[in-house]
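Okay, structure first, notes after.
All values derive from a computational prediction rather than experimental measurement. Nothing fancy with the numbering, it's 1 onward along the sequence.
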Amino acid sequence: MAHGEHLHPATVAVTFGRPPRVQGGPVNPPLVLSSTYVSQGVPGPELLYTRSGTETWAPFEEALGRLEGAVHPAVVFGSGMAAVAAALSLVPDGGVLVVPRHAYQVSLGYADDLAKKHGVEVRRVDIADTDQVVAALEPAGSSRRPAAKRGDSWGEGGADVALLESPTNPMLEVADLPALLAAARERGVRTVVDNTFATPLGQNPLALGADVVLHSVTKYLAGHSDVVLGACVTNDPSLDAELRAYRTLHGSIAGPFEVWLALRGLRTLHLRVERAQANAAVLATRLAEHPAVAEVRHPSLPSDPGHARAARQMRGFGAIIGMRPVGGTAAADAVVAALRLWVPATSLGGVESSLERRRRFTTESPTVPEDLLRMSVGVEDVEDLWADLDQALRSVR
Ligand code: PLP
């Protein structure tokens, strides 16, 4: 296979991370279950011990790195949170970290932990408000920091790292990634973009200048709700080495079997995402007109605040919908209970459609509406998904 630069993502997903073509050789990388490798004398660059590397990681890392348009293979971790922790190790003790006010709640919890244990100043911003994010990157005395933001609760120094998430979990706010990544680069602020919702098919933040892109591989990349994994990708050789060293030192490694399954899932990423996005756009449009629905958020809707930005910078609008039924929290819980096809469960990005009321977690941001249902649209027949939603919404009116 000629691994040229010009291959489309669908082809990359299918063809990268294959063993060399040899007569009688396997088409798929073998799953190797061994914690240690035969070795004697001074260890060389070859495989030694599975905490520092195994041949079952490399094919997945190669394919995901290529999908993100990176010069390096991805670095796979034992969970998305392990990838978040590795990427946020870029924040120095006592440093400044900018985060979205709405983002995956455990990532925000991790930022709070850095504040508590490492004296990090965490600046929470509305990621859709570009001026506010840029102001949070600046030191207090900067002429670029808008007057309205001087003297606020932020400290004096400029930011060290910005964690960007777009679209955000669970509010689906869309950040102006090209503008924010350029602004951060200009100011010497390192950037970490959580690309879980968009997937590498939707956007490639490294091409816009992001330092690190991270994924909860658990979601769309693996795609079948059967593994928990994470990954980071970077174009910077020293960051790549730092992330690999972090993984070995912290032991935040992935099991070979999980990574093997994730590569198997990745082979159909484009098919699954295409179908899920198409389903989501149809459902969002219908929900927006449903008498039992108070509010719908999906960037595909022309009325959505993130629509124009998403249309400019993303390929597709993703497959997560935010929906608030008429009747508040009780109605939201009743809709979840009345559904027969949709699975009431946390997580997202599986082939099966699932949903949950996010504020059932007491740790979810208090500015997320109590009655917001986060819906992960799967790849089932859209008419069956709609019929189920419609009956559930009507049953609680
Ligand atoms: N980032 C986002 C946007 C997520 O939704 C999640 C999990 O829900 C994570 C990171 C953490 O990933 P994991 O659950 O694989 O640790």
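With respect to E138 and R123, no salt bridge is recorded, no charged nitrogen being found less than 4.0 Å from a carboxylate O. Here E295 pairs with R324 in a salt bridge; the nearest charged N to carboxylate O distance falls below 4.0 Å. Of the charged side-chain nitrogens involved, at least one lies within less than 4.0 Å of a carboxylate oxygen, so that R357 and D333 count as a salt-bridged pair. Remark: R66 does not engage E62 in a salt bridge, criterion side-chain N to carboxylate O under 4.0 Å. E364 and R359 are not joined by a salt bridge, as no carboxylate oxygen comes within less than 4.0 angstrom of a charged side-chain nitrogen. With respect to the salt-bridge test (charged N to carboxylate O, under 4.0 angstrom), the residues E383 and R286 qualify. Salt bridge annotation for R297-D304: present, with a cationic side-chain nitrogen under 4.0 angstrom from a carboxylate oxygen. Residues R244 and E61 are paired through a salt bridge, judged by an N-O separation under 4.0 Å between the basic side chain and the carboxylate. Remark: D112 does not engage K116 in a salt bridge, criterion side-chain N to carboxylate O under 4.0 Å.
Within the 3.5 Å criterion, the main-chain N or O of L348 finds no donor-acceptor partner in the side chain of S376. Proximity of a side-chain donor or acceptor of S252 to a complementary backbone N or O of F77 within less than 3.5 Å is not detected. Side chain of D160 to backbone of V96: a donor-acceptor contact under 3.5 angstrom is found. When atom types are taken as modelled, the side chain of T15 and the backbone of T11 share a donor-acceptor pair closer than 3.5 angstrom. W57 places a side-chain N or O within donor-acceptor distance of the main-chain N or O of A254, the cut-off being under 3.5 Å. Formation of a donor-acceptor pair under 3.5 Å by the R315 side chain with backbone atoms of P200 is found in this model. Side chain of D236 to main chain of S238: a donor-acceptor pair is present (N/O by atom type, distance under 3.5 Å, no hydrogens or angles). In this structure a side-chain-to-backbone donor-acceptor pair under 3.5 Å is present from Q391 to A338. Panel note: side chain T199, backbone L201; a donor-acceptor pair is recorded below 3.5 Å.
Under the 4.5 Å side-chain criterion, counting only non-hydrogen atoms from C-beta, K219 is not in contact with S225. Side-chain atoms of V120 and V122, non-hydrogen and from C-beta on, do get closer than 4.5 Å to each other. No side-chain heavy atom of V75 sits less than 4.5 Å from a side-chain heavy atom of V233.
Placement of I320 and V217 within a single hydrophobic cluster is found when ILVMFWY residues are connected by side-chain heavy-atom separations under 4.5 Å, directly or transitively. Transitive grouping of hydrophobic side chains (ILVMFWY, heavy atoms separated by less than 4.5 Å) brings L208 and V133 into a common cluster. In terms of hydrophobic clustering, with Ile, Leu, Val, Met, Phe, Trp and Tyr side chains grouped at heavy-atom distances under 4.5 Å, V227 and V351 are assigned to different clusters. In the hydrophobic clustering of ILVMFWY residues, with side-chain heavy atoms under 4.5 Å counting as a link, V343 and V377 come out apart. Cluster annotation: V368 and L108 are assigned to distinct hydrophobic clusters (Ile/Leu/Val/Met/Phe/Trp/Tyr, side-chain heavy-atom contacts under 4.5 Å, transitive).
Side-chain contact of Q203 with N195: a donor-acceptor pair under 3.5 Å is present, judged by distance alone. For the residue pair H72/T234, the side-chain donor-acceptor check at 3.5 Å is not satisfied. Defined by atom type and a distance below 3.5 Å, a donor-acceptor pair is present between the side-chain atoms of Y37 and E55. Between N169 and R374, the side chains place a donor N or O and an acceptor N or O closer than 3.5 Å (distance only, hydrogens not considered). A donor-acceptor contact closer than 3.5 angstrom links the side chains of E380 and S353. A donor-acceptor pair shorter than 3.5 Å cannot be found between the side chains of E46 and S39. Inspection of the D126 and Q132 side chains reveals no N or O donor paired with an N or O acceptor under 3.5 Å.
Applying side chain to side chain contact (heavy atoms under 4.5 Å, CB included) to L269 and the options V12, L221, L64 leaves one that passes, L221. Results of the side chain to side chain contact (heavy atoms under 4.5 Å, CB included) test with L97 over L90, V91, V189 single out V91 as the only residue that passes.
Sorted by first then second residue, the side chain to side chain donor-acceptor pair (under 3.5 Å) pairs that include residues 269-278, not counting sequence neighbours, are T268-R272.
Taking the six-membered ring for Trp, Y220 and H215 have ring centres at least 6.0 Å apart.
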Q105 and S365: CA distance, side-chain angles, deciding distance, side chain to side chain donor-acceptor pair (under 3.5 Å) verdict:
CA-CA 7 Å; Q105 57 164 345; S365 171; over 6 Å; no

Could you please spell out the steps behind the salt bridge (Lys or Arg N to Asp or Glu O under 4.0 Å) verdict for E173 and R309?
CA-CA 10 Å; E173 296 134 326; R309 203 174 263 173; over 6 Å; no

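Ring pair H298/F317 is perpendicular by interplanar angle, where above 60° counts as perpendicular and below 30° as parallel.
A 6.0 Å sphere centred on OH of Y49 holds no more than 12 heavy atoms belonging to other residues, nucleotides or ligands.
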